[in-house]
Amino acid sequence: MKKIKFPKFDKRHLFAVVVLLLSCSIYAQENPLRHYIKGGVGPFFDKQSHNKETGLSLSLGYGLAYRLNSQWSIGTGLTLREEMLSPFNSKDGGGDEAFTFLDLPLTLQNHLPVGKQGMITFTLGPVFTFCIGNDQYVNSPDNPIVELRGKDMLKTFDLGIQPAITYETNHLQLGIEGNIGLLNVGENYGLPLGKHRISSLRATIGYCF
């Protein structure tokens with residue numbers, strides 16, 4: 001039976017392994033790209049022509065930031081956001097509308113170090129929002145117009161501003177994030193149905209890597 005010969009491992013191999021590990025460590029520290037996954041919960045507001053509806057906002061998203069220097073970054077990502085009147089009651093006695101949005105932000109981030117490992121980040125920029133889960137009009141005593149049955153309540157696109165403040169330490173992120181809709185997204189179909197401007201505010205938690 002032949003003996004298995006293992007390759008010799010001398011000092012040169014050990015030196016090569018150490019250099020490789022150090023190179024990987026330096027690259028990880030200098031890599032300008034930062035990824036994060038975060039979720040959020042908070043209130044959402046539907047500002048209409050004559051009143052304001054209040055509901056629940058839930059979000060889950062992926063973010064990507066490019067580090068320009070130690071103080072500034074530019075960021076983007078994709079966030080799935082669910083806005084619903086339930087469990088809050090509608091002030092005008094209407095139904096419990098629910099909408100699903102996909103957010104694409106383009107932000108500028110300012111970083112301030114806190115202690116040895118902490119960092120506070122201020123974020124601001126435009127957000128492009130697409131309504132991918134619309135609610136429909138129904139007939140009711142408050143809305144007897146037959147032509148609206150089954151038609152979408154909101155338009156597909158909205159443009160807004162996304163401000164945020166985040167504290168990060170040891171890859172953990174805690175923050176507050178908002179979506180401020182700038183456009184009237186109500187589908188009126190040539191009828192005096194009023195305006196809809198959608199905004200929300202959420203407490204967020206995330207992991208950065």
Side-chain angles (χ1 to χ4, degrees), residues 24-47 52-88 98-133 154 157-183 185 196-209:
C24 292
S25 176
I26 292 173
Y27 172 78
Q29 294 175 4
E30 295 183 351
N31 184 10
L33 289 178
R34 304 176 73 246
H35 309 262
Y36 54 90
I37 298 174
K38 64 179 178 180
V41 60
F44 103 93
F45 312 98
D46 180 3
K47 186 177 181 181
K52 179 190 290 186
E53 299 281 10
T54 303
L56 178 67
S57 176
L58 301 173
S59 67
L60 179 64
Y62 160 79
L64 177 66
Y66 181 83
R67 200 73 176 257
L68 300 174
N69 52 45
S70 61
Q71 190 174 1
W72 295 96
S73 296
I74 53 176
T76 186
L78 284 175
T79 298
L80 191 66
R81 180 164 48 92
E82 185 79 11
E83 314 279 38
M84 64 195 82
L85 291 184
S86 179
F88 299 88
F99 308 98
T100 303
F101 299 101
L102 186 65
D103 295 328
L104 174 62
L106 296 174
T107 60
L108 182 64
Q109 303 172 358
N110 178 242
H111 310 288
L112 298 178
V114 178
K116 294 182 178 180
Q117 296 182 331
M119 180 174 64
I120 293 179
T121 299
F122 298 92
T123 301
L124 184 64
V127 56
F128 305 94
T129 297
F130 304 89
C131 184
I132 60 175
L154 300 184
F157 176 75
D158 191 13
L159 175 65
I161 297 176
Q162 187 176 91
I165 179 171
T166 305
Y167 174 74
E168 179 183 333
T169 180
N170 294 326
H171 301 286
L172 178 66
Q173 290 184 336
L174 300 172
I176 299 176
E177 179 181 271
N179 282 71
I180 304 172
L182 300 178
L183 305 180
V185 294
H196 291 265
R197 282 187 170 86
I198 307 295
S199 300
S200 58
L201 182 66
R202 296 173 302 281
T204 61
I205 182 170
Y207 179 78
C208 181
F209 57 97

| Can you list the residues that meet the side chain to side chain contact (heavy atoms under 4.5 Å, CB included) rule with Leu174, with sequence neighbours excluded? |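 Residues passing side chain to side chain contact (heavy atoms under 4.5 Å, CB included) with Leu174: Ile205.
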Nearest heavy-atom pair of [X] and [Y]: which atoms, and what distance?
| X | Y | answer |
| --- | --- | --- |
| Leu58 | Glu83 | N-OE1, 4.4 Å |
| Thr121 | Gln109 | CG2-CB, 3.8 Å |
| Val185 | Ile198 | CG2-CG1, 3.9 Å |
| Leu183 | Leu159 | CD1-N, 3.6 Å |
| Ser199 | Gly181 | OG-N, 3.4 Å |
| Leu64 | Tyr36 | N-CE2, 4.0 Å |

Can you find a heavy atom in the side chain of [X] that is under 4.5 Å from one in the side chain of [Y]?
| X | Y | value |
| --- | --- | --- |
| Thr76 | Tyr66 | no |
| Phe128 | Asp103 | no |
| Ile132 | Leu80 | yes |
| Gln117 | Asn170 | yes |

Supply the atom-to-atom distance [X] [atom1] to [Y] [atom2], rounded to the nearest 0.5 angstrom.
| X | Y | atom1 | atom2 | result |
| --- | --- | --- | --- | --- |
| Phe44 | Thr54 | CZ | OG1 | 8.0 Å |
| Ile165 | Leu124 | CD1 | CG | 12.0 Å |
| Thr166 | Leu172 | OG1 | CG | 11.0 Å |
| Gln162 | Thr129 | CD | OG1 | 8.0 Å |
| Asn179 | Ser57 | CG | OG | 7.0 Å |
| Tyr62 | Ile37 | OH | CD1 | 8.5 Å |

| task | Name the orientation class of the two ring planes belonging to Tyr207 and His171 (parallel below 30°, tilted from 30 to 60°, perpendicular beyond 60°). | result |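 Tilted.
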| task | Assign the ring pair Phe101 / Phe99 to parallel, tilted or perpendicular, where the plane angle (0 to 90°) is split at 30° and 60°. | result |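 The rings of Phe101 and Phe99 sit tilted, inter-plane angle from 30° to 60°.
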| query | Going through the distances and angles, do Ser70 and His111 end up as a side-chain contact (heavy atoms from CB on, under 4.5 Å)? | reply | CA-CA 7 Å; Ser70 61; His111 310 288; over 6 Å; no
| field | Pairs touching residues 163-178 that satisfy salt bridge (Lys or Arg N to Asp or Glu O under 4.0 Å), sequence neighbours left out | value |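 Output for this query lists Arg34-Glu168, Lys38-Glu177, Glu177-Arg202.
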| query | Under 6.0 Å from the CG atom of Leu102, do we count more than 12 heavy atoms belonging to anything else shown? | reply | yes
